[in-house]
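Keep in mind the model is a prediction, meaning the values are calculated, not measured. Quick note: numbers below take in every heavy atom, side chains included, and nothing from hydrogens, waters or symmetry partners.
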Amino acid sequence: MTDHLPNEARVIPLRPHGARPQGARPAAPPRQGPPAPAAKEPLWRDLVGDVLRRERLAQERTLKDVADAARISMPYLSEVERGRKEASSEVLAAAAHALGLGLGDLLYRARGELTRVTSRYAAGDRRGASTSSHDGLCLAA
């Protein structure tokens, strides 16, 4: 019979490899795509989650302990820490208070992390880098 697998299509070339039909134009050169985007700035939820996790680990507390103190589920707190969930201000405040922080403390630390991380991006790639200094914090709902 044949050496092909049952679901494999058999290709029969209609002309020799590389041959062009008479009168055909040569193939156009491959299109250049848009320039590679600059490194993405981090998401706010990632920064806040990093701050929560770092503080929890610094206090040598378990995820369960902090989740119980904050009265939120352990899986949800884990997802917030990993930046998978965009937590409400109420949840962030509860998690911060469980760690002995105020909501302002949490946001201030996340802002500092944002400034540190974005200045690293700007230093590594000046093309299209923002000239803002990130001195303020503005959250809108």
Participant: Considering all heavy atoms of both residues, which atom of L77 and which atom of A95 are nearest to each other, and what is their separation?
Facilitator: CD1-CB, 4.2 Å
Participant: With a 4.5 Å heavy-atom cut-off, do L107 and W44 have their side chains touching?
Facilitator: yes
Participant: Show the nearest heavy-atom pair for residues A110 and V48, with the distance to one decimal.
Facilitator: CB-CG2, 3.8 Å
Participant: Would you mind writing out the side-chain donor-acceptor pairs for residues 66-73 within the sub-3.5 Å range, not counting sequence neighbours?
Facilitator:
| residue | atom | partner | partner atom | Å |
| --- | --- | --- | --- | --- |
| D68 | OD2 | K64 | NZ | 3.0 |
| S73 | OG | Y76 | N | 3.1 |

Participant: Quick test of your reading of the model: are E79 and R84 salt-bridged, counting only N-O distances below 4.0 Å?
Facilitator: no
Participant: Can you tell me how far CD of E55 sits from CD of E81, rounded to the nearest 0.5 angstrom?
Facilitator: 11.0 Å
Participant: Under the rule for side chain to side chain donor-acceptor pair (under 3.5 Å), what residues qualify as partners of D65, not counting sequence neighbours?
Facilitator: R61
Participant: Could you measure the distance from the CZ atom of R45 to the CG atom of D50? Nearest 0.5 Å is fine.
Facilitator: 12.0 Å
Participant: Within this structure, what is the OG1-CG distance for the pair T115 and L47, rounded to the nearest 0.5 Å?
Facilitator: 9.5 Å
Participant: Hey, are the side chains of R54 and E113 touching, using non-hydrogen atoms and a 4.5 Å cut-off?
Facilitator: yes
Participant: Please report the shortest heavy-atom distance between L99 and R56, naming the atom on each side.
Facilitator: CD2-CA, 3.7 Å
Participant: Evaluate side chain to side chain contact (heavy atoms under 4.5 Å, CB included) for L101 paired with R109, printing each intermediate quantity in order.
Facilitator: CA-CA 10 Å; L101 300 172; R109 290 179 185 192; 3.6 Å; yes
Participant: Side-chain contact test, heavy atoms from C-beta onward, threshold under 4.5 Å: evaluate it for V80 versus L92 and give yes or no.
Facilitator: yes
Participant: What is the minimum heavy-atom distance between P42 and T118, and which atoms define it?
Facilitator: CD-CG2, 4.3 Å
Participant: What is the minimum heavy-atom distance between S78 and L63, and which atoms define it?
Facilitator: CB-CD2, 3.5 Å
